[in-house]
Amino acid sequence: MISKILEKARKGITLSKRDALTLLEVDQASPLFYELIATANELTRKTYHNQGYVFAQIGLNAEPCSKNCKFCSLGSTHYAVDCEWKKSEEAIQQEIQQFVESGVHDIFLMITADYDLEAFLDIVSQARQLIPEHIRLVVNMGDFDRDIGRRLKKIGVTGVYHIHRLREGIDTDILPEVRIATLDAIKEVGLELYYCVEPIGPEHTYDEIADEMIRARDYGVSVMAVMRRVPIAGTPLYDKGQITSLELTKIAAVARLVSEPTRAMNAHEVTPMSLIAGVNQLYGEYGANPRDIHTHTEEGRGYSINQIKVLLTDAEYQIS
Ligand code: SF4
């Protein structure tokens, strides 16, 4: 059964939700687990020509956010960090220049949902002037409509990280339909979509996880990811705990096969073993981070660009 599903994936036949569930149910202690990760690895290396990708993200502000995601250190009802700040334009520009010099492929600018939109568009526009055309510029922001999508495109944004989170509207103060309307806007205006099944915790069912993998595929995802929730003390979901690296690696392999991303696959936070399971892209992280109590994550949980490069080349990906 598993071998047949993997053969379908190798032939480029779209997998069903039932197929996704069967793969997700594979026991990590069984030989089938290795068949699964070998297939995801093979497809990534062949389809993407063994190219590895180094992405860099800056969190532009550490401020209480009204959307109150129950896993996020920045939610206003449970703000778990001990300061508030916004990065200055100079500091952002300096970091961007360093990213460009260190040869990253894509640069992400991330804000909390309440950040002033016009101020953000100005920052993005200035950032684009510093970034050569061959480097993609991606935003990770709150929900928006088609008009904002068109404005983002006009100022040189190439893509958007946007998702319908697991238990959106239950573990967050955002209606699922609002997230979906933004995904529709991204598709309609022709921005590249970066999707992720997140934040995965032990309480999430494979059914919920498979639904998000298929949603990503239906939107024609370019860069796909899976992310496990990091339990942050003080956040409402802290007690639910965390899935293992092995489980995350399995979910990454299944997402690689089910979602059919056209360019890259990521598992987050950085999980080296996932690099033999179809993952060919990692993030260096700077500034604020919803998974860290350190508001300058490069001094906390975040990996640096150099560390990412070492991991990808050590896994025999080419990153030129
Ligand atoms: S995850 Fe984003 S939207 Fe949710 S509370 Fe944190 S900053 Fe706000």
Side-chain angles (χ1 to χ4, degrees), residues 55 57-87 92 108-117 119-121 123-124 138-145 148-149 152 157 159-183 185-186 193-201 203-204 208 212 215-216 225-240 242 266 268-269 283 285-298 300-302:
F55 292 178
Q57 172 161 275
I58 316 176
L60 302 193
N61 66 318
E63 292 174 297
C65 175
S66 64
K67 304 305 176 194
N68 291 322
C69 301
K70 292 182 182 165
F71 44 82
C72 173
S73 58
L74 306 176
S76 59
T77 53
H78 51 265
Y79 198 64
V81 299
D82 59 5
C83 59
E84 293 180 25
W85 52 256
K86 264 193 185 74
K87 260 186 203 284
I92 297 166
F108 288 61
L109 298 179
M110 177 173 69
I111 52 172
T112 58
D114 303 320
Y115 200 100
D116 181 85
L117 178 66
F120 182 55
L121 292 177
I123 289 170
V124 173
V138 186
V139 293
N140 180 346
M141 59 190 285
D143 289 282
F144 58 83
D145 60 16
I148 302 297
L152 288 168
V157 168
V160 183
Y161 177 91
H162 202 79
I163 57 165
H164 172 276
R165 302 180 188 87
L166 292 165
R167 303 199 184 169
E168 192 78 69
I170 298 167
D171 288 340
T172 73
D173 284 355
I174 312 175
L175 292 171
E177 49 269 37
V178 171
R179 304 295 288 175
I180 287 165
T182 305
L183 288 168
I186 292 165
L193 175 67
Y194 297 65
Y195 202 83
C196 184
V197 183
E198 64 130 310
I200 306 168
E203 76 277 21
H204 294 123
E208 291 171 285
E212 293 312 318
R215 194 193 307 279
V226 298
M227 185 174 83
R228 65 174 167 177
R229 186 179 61 236
V230 173
I232 304 278
T235 58
L237 296 183
Y238 172 68
D239 289 340
K240 302 260 185 206
Q242 182 172 276
N266 165 266
H268 205 62
E269 293 178 331
Y283 282 95
E285 293 185 286
Y286 299 79
N289 171 0
R291 286 163 279 99
D292 206 341
I293 48 165
H294 206 304
T295 61
H296 295 279
T297 196
E298 63 274 26
R301 304 187 66 85

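Whatever order the structure lists ligands and atoms in, that order sets their numbers, starting from 1. The figures here come from the full heavy-atom set of this structure, side chains too, leaving out hydrogens, waters and symmetry mates.
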Mind checking whether atom 4 (Fe) of ligand 1 has an N, O or S of Cys69 under 2.8 Å?
yes

Atom 8 (Fe) of ligand 1 - nearest protein heavy atom and its distance
Cys65 SG, 2.3 Å

Can you pull out the closest protein heavy atom to atom 6 (Fe) of ligand 1? Residue, atom name and distance to 0.1 Å, please.
Cys72 SG, 2.4 Å

Quick one: do the Glu212 and His204 side chains pair a donor with an acceptor below 3.5 Å?
no

Does a side chain donor of either Glu63 or Tyr115 reach within less than 3.5 Å of an acceptor in the other side chain?
no

For ligand 1, which atoms, with element, lie under 4.0 Å from some heavy atom of Asn68?
5 (S)

List ligand 1 atoms under 4.0 Å from Lys67, heavy atoms only on the residue side.
3 (S)

Between ligand 1 and Arg165, can you find any atom pair, the residue atom being a heavy atom, that is separated by under 4.0 Å?
yes

Do the ring planes of Trp85 and His296 sit parallel (below 30°), tilted (30 to 60°) or perpendicular (above 60°)?
parallel

Less than 6.0 angstrom from the centroid, inside 45 degrees of the normal: does Lys240 satisfy that with respect to the ring of Phe71?
no

Given Met141 and Leu117, is the side chain to side chain contact (heavy atoms under 4.5 Å, CB included) satisfied, shown in steps?
CA-CA 9 Å; Met141 59 190 285; Leu117 178 66; 3.6 Å; yes

Taking 4.0 Å as the limit for heavy-atom contacts, which would you say applies to Thr172 with ligand 1: side chain only, backbone only, both, or neither?
neither

About how many Å separate CD1 of Ile92 and CG of Leu109, when rounded to the nearest 0.5 Å?
7.0 Å

